Amino acid sequence: MQTTILDCYTDEPAGLGVPPYLGVYPRYIYGSLGGEANYLTIDDLRLYTYYDNIPKKPKPSQKTNIKTLNLSINSKNISEILKNTTELIIIAGVHTPGKYLSAIPGTLKEIQHITKDLNCRKILTGPAIFGSQLYGGSFSEQIDPKSFDAVQEFRFDYNKNDTAIKGASIIKQIPDLRIVEIETSRGCTRKEGCSFCLEPLKNRFEFRKYKDVLDEIKQFYKLGARHFRLGKQSCFYSYPYIEQLLSSIKKECPEIKVLHIDNVNPKMVTEEKTKLITKYCTEGNVAAFGVESFDKKVIEANNLNCQPEDVIKAIKIINKHGKERGKNGLPKFLPGINLIFGLKEESKNTFKENYNWLKRILDEDLLLRRINIREAVIFQGTELAEIGNKYLKKNRKYYWKWRNQIRQEIDLPLLKKLVPKGTILKDVRMEIYEGKKTFGRQIGTYPLIAGINKRLEIGKFYNVKVIDHMLRSVVVEVV
Ligand code: SF4
């Protein structure tokens, strides 16, 4: 029997597995198979199915085809691998759709279509078993049970850390640089979750032992990985072993280039923990706050995790300790804010509240790394599913205007403060072409997109200078 893992990429409120991130699912599954499986990406399968398996360099007038960019080392032998595969484990599931610069996760529709002629047992796993949706503002896609021989959850047993250790070597099948997403806990720290979120339904709350997390990182380090994000958890500040974990990583893996975190409940932010994160993690780090809304009516109706006052307090603490510019050109550690449109009780007043609180942050000279705004996805089983798309339908006509006003009047001035013209950003890795332009990012969490008006080598690192600001990106030149 030969097993192949097909990574169609995952994105959840707590955990990212879209390139350049390497998510936990392919690794744990690979580990549970004793490291005996082929690894393919959906990009490999798209190239094989639609392009005769011939990668094409984009002409000077073309965009990089990001649907086939992230190939594994097995791409060249894919025909042979698929012929010999008896079991295909398909990992998929987007629960928090975003915009991806250099990859596109597979939708269920695409996966069902692209795997339909493969002659093997097909097992669907990952977050997709709860549904998946690549576009905000919609209902989740449902699984067509006829397309798979089994739809089953894969559960990583925290008492069997060997699975994670063995799974690390899957990285040998990936030729490009990856940021390794590391798990410190699962489930939600709160008893009753937010109305839109599947995390409390997916997982009972559990912390992973810090020694286990460390051992996994050490294994990746041994294999050459140097970029990590402690991103698979609902709140990093809730982790009880922050100091032990971060100081041990620093000691045992001294040449780590990137160590970032993700997901923070603003209510849990303290000066002490912020100092630890600033001390041990690398610069450009972001605490993404799942604020979702500043409107108290919406906060209550959707059981969101914090009040606007908690957010401001947490922003002040992180700014106080993290605002200083690091050697890569970005502040060491800043907050980020996530907002969702389409929640229960959303009204015109919701926008006013969101705008006014964000304006206050700008006026108080506080920095945010970024503001993410997305439209809710309705997943079966969540509380939001009980009212469906009622508010999305009612308010959709305003979303462009609301979003644009925040982008123009808050985001842009914030970005100008964050990286004023003349700021040098170090080690920006070029990722895609768009006509004669090249777009790249630093390696790390929520990296700033930098565009340059010429073609530079993809995959190569450049030091660049900021010469202009776009709505969510900067224009740069090489220095
Ligand atoms: S705080 Fe809300 S969004 Fe975050 S994991 Fe818990 S339920 Fe999900």
Side-chain angles (χ1 to χ4, degrees), residues 10-17 23-25 93-98 126-133 136-137 140 181-208 229-240 261-269 273 286-311 313-314 335-346 350 354 371-387 391 445-446:
T10 57
D11 192 349
E12 303 169 271
L16 180 59
V24 298
Y25 297 96
V94 173
H95 291 171
T96 43
I129 63 168
F130 296 90
S132 183
Q133 181 50 263
S140 93
E181 182 85 319
I182 295 287
E183 176 166 352
T184 63
S185 71
R186 63 181 163 212
C188 179
T189 42
R190 304 165 64 223
K191 267 205 187 107
E192 306 273 321
C194 309
S195 67
F196 59 89
C197 183
L198 282 166
E199 188 63 29
L201 307 176
K202 285 190 287 196
N203 296 301
R204 190 173 53 83
F205 184 71
E206 219 177 333
F207 286 121
R208 210 172 152 204
R229 185 173 83 159
L230 302 161
K232 192 152 184 8
Q233 71 275 314
S234 62
C235 171
F236 185 74
Y237 273 74
S238 300
Y239 192 59
I261 65 158
D262 194 25
N263 301 327
V264 170
N265 177 350
K267 264 186 168 162
M268 302 303 292
V269 172
K273 290 179 184 176
V286 181
F289 293 163
V291 176
E292 327 304 4
S293 178
F294 285 96
D295 179 349
K296 297 202 175 202
K297 216 168 157 191
V298 175
I299 295 171
E300 201 192 320
N302 296 276
N303 195 32
L304 303 182
N305 66 1
C306 59
Q307 296 293 326
E309 297 77 15
D310 302 320
V311 181
K313 193 172 156 218
I337 285 187
N338 301 338
L339 294 178
I340 301 187
F341 289 165
L343 296 178
K344 281 191 226 174
E345 297 299 329
E346 181 184 71
T350 308
N354 286 343
I371 303 164
N372 269 4
I373 306 171
R374 66 181 184 91
E375 287 168 40
V377 175
I378 320 291
F379 286 96
Q380 274 182 10
T382 61
E383 253 191 61
L384 194 59
E386 288 164 22
I387 55 147
Y391 291 91
T445 189
Y446 305 104

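Keep in mind that the numbers below use all heavy atoms, side chains included, and drop hydrogens, waters and symmetry copies. For ligands, and for the atoms within them, numbers begin at 1 and follow the listed sequence. Source: prediction; values computed, not measured.
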C197 N/O/S atom closer than 2.8 Å to atom 8 (Fe) of ligand 1: yes
Per-atom contacts, ligand 1 versus G193 - under 4.0 Å to a heavy atom: 7 (S)
Whether over 12 other heavy atoms sit under 6.0 Å from K313 NZ: no
contact_flag P13 ligand 1 heavy-atom lt 4.0 Å: no
Parallel, tilted or perpendicular, as decided by the 30° and 60° cut-offs, for the rings of F236 and Y239: parallel
Mode of A14 contact toward ligand 1 - side chain, backbone, both, neither (heavy atoms, under 4.0 Å): neither
Protein residue, atom and distance nearest to atom 6 (Fe) of ligand 1, heavy-atom basis: C188 SG, 2.3 Å
Per-residue contact class, C194 against ligand 1 - non-hydrogen pairs under 4.0 Å: both
Ligand-residue contact atoms, ligand 1 with S234, heavy atoms, under 4.0 Å: 5 (S)
Verdict with reasoning, D11 to T96, per side chain to side chain donor-acceptor pair (under 3.5 Å): CA-CA 6 Å; D11 192 349; T96 43; 3.0 Å; yes
Residue N305 vicinity, atoms of ligand 1 by number, heavy atom under 4.0 Å: 1 (S)
Value rounded to 0.5 Å, distance of CG in N305 from CD in E292: 7.0 Å
Verdict with supporting geometry, K296 and E345, salt bridge (Lys or Arg N to Asp or Glu O under 4.0 Å): CA-CA 10 Å; K296 297 202 175 202; E345 297 299 329; over 6 Å; no
More than 12 heavy atoms from other groups under 6.0 Å of CD on E192: no
